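Below, chains carry the letters A, B, ... as their sequence lines are ordered, and counting in each starts from 1. The structure displayed is predicted, hence computed values, not measured ones.
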Amino acid sequence: MEKPDYSKTLNLPETEFPMRGNLPQREPQIQDKWNELNIYAKVQAKQNGKPKFVLHDGPPYANGDIHIGHAMNKILKDIIVKSKTMDGFDAPYVPGWDTHGMPIEHAIIKSKGINRHEVPVTEFRQMCFDYALDFVERQKGQFQRLGVRGDWENPYITLQPRYEAAQIRVFGEMAKRGYIYKGLKPVYYCAACETALAEAEVEYADKTSPSIYVKFAVKDGKGVLPTEHTSIVIWTTTPWTLPANVAIALGPDFEYNLVEVNGENLLVAKELTAAVLKTAGIEGEPNIVGTFLGKDLERVVAKHPFMDRESLVILGDHVTLESGTGCVHTAPGHGMEDYLVGLKYDLPILAPVDGQGKFTADAGKYAGQFYIKANKAIAADLHESGHMLAEKSLDHSYPHCWRCKNPVFFRATEQWFGSIDKFREQLLEQIKAVNWDPHWGEVRLHNMVADRTDWCISRQRKWGVPIPIFYCTDCNTEIVTDETIDKVSNLFAEHGSQVWFEKEAHELVPEGLTCSCGGTHFRKESDTMDVWFDSGSSHMAVCEAREELHWPADLYLEGSDQYRGWFNSSLSTGVAVRGQAPYKMILSHGFTLDGEGRKMSKSIGNTVDPLKVMNQYGADILRLWVASVDFRADTRVSDAILKQVAEVYRKVRNTFRYLLGNLNDFDPKTDKVAPEQLLEIDRFALNRFTQVSDRVHNGYRKYDFHTVYVEINNFCTVDLSSFYFDVSKDRMYTVAPSALERRSAQTAMYEILVGLTKLVAPILSHTADEVWGYVPGAEEESVQLTEWDDAPVAFDAELDRKWGAVLTVRDEILKAMEVARQEKVIGKSLTAALDLYPNAETLAVLHSVPRLHEVLGVSQVNVHEAGADVPGDAVAYAGLAIRVKAAAGETCERCRVVTTEVGTDPNHPTICPVCAGNVVHFLG
RNA sequence: GGGCCCAUAGCUCAGUUGGCUAGAGCGCACGACUGAUAAUCGUGAGGUCGGAAGUUCGAAUCUUCUUGGGCCCA
């Protein structure tokens with residue numbers, strides 16, 4: 001008989017599951033399979049009737065390709081939705097898009113080079129509409145490439161008719177409750193284009209402006225300032241705004257000097273006194289007759305230099321001492337800060353300038369003049385009347401119109417507001433009721449809501465949802481009633497908001513509408529709504545409207561910029577129309593920075609493109625990266641970081657591969673070993689998995705994905721690869737295929753394989769399904785169609801403690817063996833024989849371990865009694881002295897154990913008796 | 001300028017109510033194996049916790065200040 005090739009008589013791992021992921025190629029195939037299966041619908045159908053969990057998607061803006069922030073956001077949501085599903089919930093996910101607003105108008109105007117005023121509104125809006133939908137499709141493909149599962153065939157889009165219709169109803173509800181009012185607010189305005197401008201439409205350029213110092217005579221010093229011959233000196237570079245002056249702002253904590261000059265007292269900030277006097281050409285040592293704190297001068301009354309009006313002294317934190325006089329001319333109708341401080345003091349908002357930039361009758365003698373031209377006339381008059389202290393000019397950076405390049409200015413215009421004031425207390429109450437993660441989110445939103453001004457919801461824009469208000473052409477009364485809202489909403493539901501621009505007012509109002517004045521002719525509002533009102537209505541248009549969802553949502557999850565944005569606008573509309581926050585919980589993530597913690601920007605060139613990452617590494621690597629970081633804070637990403645994540649992935653993948661390889665002949669239906677018959681070490685492996693499984697489940701439930709990542713990583717590397725697999729591999733390979741020792745290990749590996757696949761599925765969705773295709777006996781078409789099971793064994797704390805002690809001893813022995821290896825006493829562990837000299841405690845541990853040599857990976861172990869003489873060449877460790885020597889005998893050609901018994905069976909002269917017994921199972 | 005947040009080994013993160021020589025994985029170095037092989041195993045070297053001051057018997061953990069960074073306002 002010829003000597004057999006013993007390597008053919010082993011149960012070596014074998015699997016088609018590739019070692020290399022090749023994710024950029026493989027993932028799209030897996031996604032195709034999901035699409036064929038219609039995985040979303042299938043999962044939803046299966047979970048129907050289970051407790052619902054609604055994560056409501058915050059809509060990204062449909063413009064541009066997705067960036068790394070989008071990727072992180074969507075991946076986090078996907079991990080949550082998938083883990084909730086596997087945890088036994090019905091977790092629908094309806095993705096959304098935000099589509100109206102300036103950036104798309106901007107993009108259309110730029111890319112098509114068109115002038116908004118020359119293209120018919122409906123045509124312009126259609127272009128915006130098409131553009132937005134193009135990007136919805138584009139981003140949808142990119143989100144799907146990330147592996148995100150959702151109702152992609154039926155998303156919500158803010159330009160959808162049914163969405164716009166629902167939004168109109170939100171507006172109507174707010175109006176009905178008296179929360180909508182018309183007021184004045186300054187906006188950037190271009191007189192040449194006769195239009196309001198968004199901030200993004202303003203560009204800064206150098207300009208030379210007048211720089212004048214004007215005296216405002218004190219009329220009532222409130223007992224603090226003298227009234228006779230006393231003036232407050234203001235400084236301005238826009239003399240034309242003086243007709244709109246209603247106040248003078250001082251810094252509350254600044255000191256102000258009262259300086260006597262030529263018989264009159266002038267008030268200027270102490271720090272600026274010298275500079276002002278110098279500018280005014282006043283020589284000599286100033287004669288300071290008094291010093292005051294700004295806050296002591298509050299409500300002093302001055303007299304306007306040329307209007308028949310008073311000017312109130314107020315306090316503002318925006319006052320600086322960088323230039324001017326420290327006494328700030330305040331015209332709430334012509335400046336943002338002036339406006340805001342004006343709200344606090346309830347100042348009138350005057351803007352006596354019309355749409356062409358000409359002064360109105362309210363500007364008195366300047367009526368009819370173009371605002372800039374009036375600068376000269378005003379200055380001349382101030383000289384004439386003796387109010388001009390000094391007049392110079394100044395070069396500075398000033399906002400200009402992006403189109404016509406003319407200077408722009410702030411002009412108070414009529415705007416629609418949502419009255420936060422009327423339900424601020426309710427907002428603050430509701431903030432308390434929400435579950436905030438991280439907890440500081442509550443403070444952040446609370447502070448914002450506590451001191452925010454009313455919500456300006458109107459925009460002088462075309463690409464948006466129109467504000468559904470009519471005006472009586474006879475008496476100009478605003479009309480918004482249940483009937484008009486109903487009518488408009490229904491029209492929008494049918495035709496979309498485009499109908500507002502296509503039809504005349506009389507076609508849009510309910511039949512028979514009559515104004516209280518008796519008028520029956522109407523015109524329609526031309527402003528559109530702030531896009532935050534669009535997305536802020538999503539809880540009504542989506543959560544409440546769609547039957548698979550519910551209101552309020554269980555969770556909103558967005559970047560921390562959304563405290564100001566969507567969290568805020570959604571809360572406002574929710575409380576306004578339903579008296580309640582539209583979400584039970586807010587979870588927020590940080591921003592993604594580069595490897596050095598710097599903000600990413602295209603100009604610096606430090607961006608990480610998720611699409612490139614997926615082409616290079618794969619979506620699962622990106623997903624694993626998301627799971628690996630502390631997303632609640634800002635996170636970093638770089639190629640080096642992704643490489644590291646890819647290493648972790650490789651380890652996890654190899655773990656799966658090894659499990660699959662060892663299970664190639666395992667049929668769970670027939671080969672499973674009952675728990676009580678399992679070898680102790682196999683039970684220990686399962687026991688550890690039980691623990692890991694529990695921790696991973698809890699990690700998912702607390703949205704601590706980093707815990708999930710760490711637990712899985714450590715389980716694969718420490719528990720499995722370096723211990724369990726390493727220690728059990730010889731047994732797996734050498735024993736008869738169906739021997740209990742092998743089936744026992746296979747049972748443990750099978751349970752671990754199935755369980756682990758389910759644990760990683762929410763994160764490594766592609767890989768998990770790839771693995772699932774190889775799992776023996778797996779019936780479901782996707783692991784996403786399974787739920788987490790209870791762990792295969794109940795956690796046994798005693799077993800865990802015992803093997804913990806074994807591992808500690810093993811570590812000591814490995815150290816000793818490493819020393820022997822360095823000294824060339826041994827090579828691989830199987831060439832070693834050990835003499836162990838334990839103390840009583842360690843002896844008990846060693847005695848408790850079945851198959852000790854297997855656990856230590858050596859050929860021979862000789863455990864001496866406690867107290868035995870320790871030879872001088874043994875190395876002492878805690879509780880144990882160890883002598884490592886080369887094992888005596890020959891190496892069994894089959895199992896590679898070194899033993900003196902090789903050749904005991906004359907038929908097999910090169911192998912050990914154990915192998916001789918096992919080999920018959922292979923040779924027949 | 002204001003509100004909120006972040007800062008622990010090269011990297012990603014742990015470090016309950018302040019208390020043993022600050023931990024893990026990866027990476028790195030060295031070594032082993034060649035029956036998980038574009039794999040696998042072992043050993044080891046790396047932080048004094050952004051900085052300063054303070055409270056305390058004792059602080060990465062508390063206080064103040066400070067530096068750098070981020071989000072949102074102004």
Side-chain angles (χ1 to χ4, degrees), chain A residues 6-15 17-20 251 316-320 336-337 340-341 438 440-448 450-452 559-565 568 588-600 624-625 627-630 632-638 640-651 653-662 704 706-707 709-718 720-723 725-727 729-730 732-734 811 813-822 824 826-831 857 894-896:
Chain A
Y6 291 113
S7 68
K8 295 275 193 297
T9 69
L10 296 165
N11 311 297
L12 296 181
E14 200 183 321
T15 175
F17 183 81
M19 178 180 282
R20 287 175 54 81
D317 293 327
H318 63 290
V319 178
T320 70
M336 210 52 211
E337 284 177 330
L340 289 172
V341 71
W440 49 256
E442 176 173 358
V443 178
R444 185 162 172 178
L445 190 57
H446 177 102
N447 289 350
M448 258 173 213
D451 49 42
R452 71 169 284 193
S560 56
D561 54 334
Q562 298 304 329
Y563 285 100
R564 181 71 195 187
N568 183 54
S588 72
H589 63 254
F591 272 63
T592 302
L593 312 173
D594 73 6
E596 273 69 54
R598 303 289 166 147
K599 179 204 201 75
M600 284 190 187
L624 192 56
W625 166 73
S628 77
V629 298
D630 176 10
R632 274 162 256 248
D634 291 345
T635 59
R636 299 177 178 200
V637 68
S638 65
I641 290 170
L642 289 167
K643 277 206 174 81
Q644 176 184 303
V645 173
E647 280 299 304
V648 172
Y649 173 83
R650 192 178 56 74
K651 189 74 190 187
R653 186 176 177 92
N654 266 316
T655 302
F656 279 118
R657 184 174 135 90
Y658 187 73
L659 287 166
L660 288 169
N662 280 109
D704 281 338
H706 182 262
T707 300
Y709 170 85
V710 167
E711 284 296 322
I712 288 173
N713 183 210
N714 283 2
F715 183 63
C716 288
T717 58
V718 180
L720 293 182
S721 193
S722 79
F723 176 68
F725 290 169
D726 207 42
V727 151
K729 63 166 41 157
D730 286 341
M732 289 296 293
Y733 297 172
T734 59
D811 279 345
I813 293 170
L814 289 178
K815 283 191 182 73
M817 284 170 64
E818 187 60 23
V819 173
R821 201 167 354 245
Q822 298 299 330
K824 304 291 178 196
I826 59 167
K828 59 177 169 171
S829 298
L830 273 179
T831 62
R894 185 168 176 276
C895 70
R896 295 178 175 174

Between [N] and [M], how far is it from one [atom1] atom to the other, in whole Å?
N       : M       : atom1 : result
rA45(B) : rG10(B) : C1'   : 13 Å
rU17(B) : rC28(B) : P     : 36 Å
rA24(B) : rU63(B) : P     : 29 Å
rC20(B) : rU61(B) : P     : 13 Å
rU64(B) : rC6(B)  : P     : 14 Å

Round to a whole Å and report the spacing from [atom1] of [X] to [atom2] of [N].
X       : N       : atom1 : atom2 : value
R632(A) : rA14(B) : CZ    : P     : 10 Å
I712(A) : rA24(B) : CD1   : C1'   : 16 Å
R564(A) : rA74(B) : CZ    : C1'   : 10 Å
W440(A) : rC71(B) : CH2   : P     : 13 Å
Y649(A) : rG27(B) : OH    : P     : 16 Å
Q644(A) : rC28(B) : CD    : C1'   : 12 Å
N447(A) : rC4(B)  : CG    : C1'   : 8 Å

How is the base pairing of RNA chain B summarised as a dot-bracket string, given the Watson-Crick and G-U wobble criteria with both distances under 3.5 Å, [ ] for crossing and | for another strand? (((((((..((((.....[...)))).(((((.......))))).....(((((..]....)))))))))))).
Base contacts versus sugar-phosphate-only contacts with protein, heavy atoms under 4.0 Å: please encode nucleotides 33-43 of chain B as B, S and - from 5' to 3'. SSBBSSSSSBS
How does each nucleotide of nucleotides 64-70 of chain B score, in 5' to 3' order, for protein heavy atoms under 4.0 Å: base (B), sugar-phosphate only (S), or none (-)? -----SS
Let's go through R821(A) and E818(A) carefully: what are the C-alpha distance in whole Å and the side-chain angles of both, what is the deciding distance for salt bridge (charged side-chain N to carboxylate O under 4.0 Å, His left out) to 0.1 Å, and is it a yes or a no? CA-CA 5 Å; R821(A) 201 167 354 245; E818(A) 187 60 23; 3.4 Å; yes
Evaluate the side-chain proximity of F725(A) to T655(A): yes if any heavy-atom separation is below 4.5 Å, no if none is.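 With C-beta onward as the side chain, the pair touches.
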Side-chain heavy atoms of P438(A) within contact of S588(A), under 4.5 Å: yes
To the nearest 0.5 Å, tell me how far [X] [atom1] sits from [Y] [atom2].
X       : Y       : atom1 : atom2 : answer
W625(A) : Y709(A) : CH2   : OH    : 12.0 Å
D594(A) : M600(A) : CG    : CE    : 6.0 Å
L659(A) : N654(A) : CG    : CG    : 10.5 Å

Quick check on RNA chain B: between T635(A) and N713(A), whose nearest nucleotide comes earlier from the 5' end? T635(A)
Which is more 5' along RNA chain B, the nucleotide nearest S560(A) or the one nearest V629(A)? Just name the residue.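 Result of the comparison: V629(A).
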Determine the contact category for V718(A): base if any of its heavy atoms lies under 4.0 Å from a base atom, sugar-phosphate if only primed atoms, P, OP1 or OP2 are that close, otherwise nothing.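 It contacts sugar-phosphate atoms only.
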Go through the steps to decide whether K729(A) and D726(A) satisfy the test salt bridge (charged side-chain N to carboxylate O under 4.0 Å, His left out), and finish with yes or no. CA-CA 6 Å; K729(A) 63 166 41 157; D726(A) 207 42; 3.7 Å; yes
R896(A) side chain vs T831(A) backbone, donor-acceptor pair below 3.5 Å: no
Anti or syn, where syn is a glycosidic angle within 90° of 0; which label fits rG46(B)? syn
Which of these, K643(A), R650(A), Q644(A), K651(A), sits in a side chain to side chain donor-acceptor pair (under 3.5 Å) with E647(A)? R650(A)
Less than 6.0 Å separating the ring centroids of F656(A) and F17(A)? no
Before you tell me yes or no, could you show the steps for D630(A) and R636(A) under salt bridge (charged side-chain N to carboxylate O under 4.0 Å, His left out), namely the whole-Å CA-CA distance, both residues' side-chain angles and the distance that decides it to 0.1 Å? CA-CA 10 Å; D630(A) 176 10; R636(A) 299 177 178 200; over 6 Å; no
Check K599(A) with D634(A), please: is the shortest side-chain N to carboxylate O separation under 4.0 Å?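 No salt bridge links D634(A) with K599(A).
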